[in-house]
Asker: 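This is the structure, below, for whatever I ask next.
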Amino acid sequence: MLQGDATRLSFEGGTYSLQAASAAAATGSSDPVVPVAEAPAAALPEPQTEGRTSLTIQEIALAAHIAKDLPPDTEPGLSATYFFEPKNFTFPFGTHIAVVEVDRETGDIKFLRYVAVDDCGKVINPMLVDGQIHGGIVQSIGQAMYEEVVYDEQGQLITGTLMDYAVPRAHHVPHFELDRTETPSPGIRWASRVLVRQVRLVLHPLLSEPSLMRCRHSVLSISTCP
Amino acid sequence: MIAAQFDYKVPNSLEEAVSLIAADPDGSKILAGGHSLIPAMKLRLAQPQVLVDIARIKSLAYIREQGDEILIGATTTHYQLESSALLRQICPLLPLCAASIGDVQVRNKGTIGGSLAHSDPAGDWPAAALALKAELVLIGQGGERVVKADDFFVDFLTTDLQPGEILREIRIKKPTGKFGHAYEKVPHPASGFAVVGVAVNLSLKADGSCESASIGVTGVGVKAYRPNGAESALSGSSLNDAAVIEAASHACDGVDLNNDLFASGEYRCHLAKVHTRRAIAKAKASAK
Ligand SMILES: Cc1cc2nc3c(=O)[nH]c(=O)nc-3n(C[C@H](O)[C@H](O)[C@H](O)COP(=O)(O)OP(=O)(O)OC[C@H]3O[C@@H](n4cnc5c(N)ncnc54)[C@H](O)[C@@H]3O)c2cc1C
């Protein structure tokens, strides 16, 4: 699967939620390839080895490209481009629970547990799926608790270096307790859904305004802290 | 992000270093761990003509006991102080403070001498040096002089070091009798530097009451300082909760408060009080 590379793809919109469709397109596209492969079948060589009744895809591809004995009106080659529209968009879903301790005197937030159960439909590569969730959680913790681009009154960026702009590091984030369910996506052949965004969408409201972050800024009058 | 041009000299001994900077006291700078100086040079906030690298002088890095004192060479790294079994036993405030600095890479390169000489308003060592009433040995062409930590930190990034002088050694009286140490720090989430850092050195009587207390606070003002009101409220007190709360309430008396994006002056002062209280309680609990 190829994404985000304008030098190799004639149409590309970047990596974002609906890229599940690309995975789906990869499977969808195997349909039109089949007739292409069938067309030159008549011209295919006999299996070289005695007793063999099949050909490898390499042998077929070679015959299709060399195009020595193709029937009339048959295009050489063995490739197809296929555009399709899924029956519906795909949506992942899940629930994240952050158990935090707020230091009532300083407003500091400490994670005690972080539990997340997500559903991205059929999991194709579990390592990538976990990675997406780890990344999403960390990015969200950054967004909700640390990261902010700030300019002063003169328009000067005052969070211009990583000594001022905090990106969460390993010691800022809790241990993740992850689990998943697999609910096949009806509109997509591989039944997968795409995950990237959802974690961020879940966590941001969880940790940011109007709940926890208010504590830090209001510890001086701690009674306003929810 | 590219430093201005400079000359780089590597002396083999302290004497050679002293004469190298004496050649151009105003244009030269000592290079130790480089973790404050090099970033400043890359931003061209510092443009020394000559760097005299003392980090390679082996005899300048040591931790040793001598009589009733602990002697620490200026180029001893944060990591060496953090991991010293001797210090953990006889002066735990030093390893506690060292362990709170930056990250492993910073602690492996940065030196106690460099940190004290730089006097960053958010640096950790100045707080510990004040709480331990350290004495700093400075050497120049004219010879040596000894300056108390109390007199060493002068202003924002400014110490009593004169052009041509090198901080050679840090001397600390070995804590005796029943004593307790603690270092409490609120690290900046991006840089790791102290938003507030409080070093407490308590000396206790046999009955657990406070004989004397010295405290160093960093991050809160233009330079690290000792909160006198807090110290005098503690000494002679029973160290019960009320006494500790009263002492901590003086943590930022009379200080011109730092104010930045991460913490307003008011919030900093509030943190200084909370963490002074916690540090005193921790020091008391750790007393042996
Ligand atoms: C990412 C990062 C995070 C950090 N986090 C922290 C932190 O949490 N807490 C903290 O306290 N510090 C922190 N630091 C600073 C670090 O501890 C520095 O190493 C230290 O402040 C300076 O020590 P140095 O040996 O690197 O000195 P250098 O950078 O080499 O020198 C600093 C200054 O002191 C002078 N100097 C050095 N040694 C001597 C000497 N013996 N005599 C006279 N002048 C001398 C130099 O000329 C220069 O002006 C951090 C630095 C970085 C890069």
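None of the values given here were measured: they were computed from a predicted structure. Note: hydrogens, waters and symmetry copies are ignored here, and every other heavy atom, side chains too, is used. Convention: sequence-line order gives letters A, B, ...; per-chain numbering from 1.
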Asker: Which one, A:Arg169, A:His171, A:Glu148, leads in non-hydrogen pairs under 4.5 Å with chain B?
Answerer: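 Greatest number of close heavy-atom pairs with chain B: A:Arg169.
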
Asker: Using side-chain heavy atoms (C-beta onward) and a distance below 4.5 Å, is B:Leu261 in contact with A:Asp164?
Answerer: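 Heavy-atom side-chain distance check fails, nothing below 4.5 Å.
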
Asker: Would you find more than 12 non-hydrogen atoms of other residues, nucleotides or ligands less than 6.0 Å from B:Ile2 atom CD1?
Answerer: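 Check fails, neighbour count at 12 or below.
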
Asker: Please say whether more than 12 non-hydrogen atoms of neighbouring residues, nucleotides or ligands are located less than 6.0 Å from CG in B:Asp155.
Answerer: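 Above 12, so yes.
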
Asker: Are A:Glu105 and B:Arg278 side-chain neighbours, meaning at least one heavy-atom pair lies under 4.5 Å?
Answerer: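 Side chain of A:Glu105 against side chain of B:Arg278, heavy atoms only: contact under 4.5 Å found.
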
Asker: Considering residues, nucleotides and ligands other than A:Tyr165, do more than 12 of their heavy atoms fall under 6.0 Å from its OH?
Answerer: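 It does: A:Tyr165 OH has more than 12 such atoms within range.
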
Asker: Is the number of heavy atoms from other residues, nucleotides or ligands under 6.0 Å of B:Lys282 NZ greater than 12?
Answerer: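 Counting neighbours around NZ of B:Lys282, 12 or fewer heavy atoms of other residues, nucleotides or ligands fall under 6.0 Å, so no.
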
Asker: Would a 4.5 Å heavy-atom cut-off, applied to side chains only, mark B:Leu271 and A:Thr106 as touching?
Answerer: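 SC-SC contact between B:Leu271 and A:Thr106 confirmed.
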
Asker: Given that the side chain runs from C-beta out, which part of A:Thr159 has a heavy atom under 4.5 Å from chain B: side chain, backbone, both or neither?
Answerer: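 The answer is the side chain of A:Thr159.
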
Asker: More than 12 foreign heavy atoms under 6.0 Å from CZ of B:Arg44: is that the case here?
Answerer: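 Counting neighbours around CZ of B:Arg44, more than 12 heavy atoms of other residues, nucleotides or ligands fall under 6.0 Å, so yes.
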
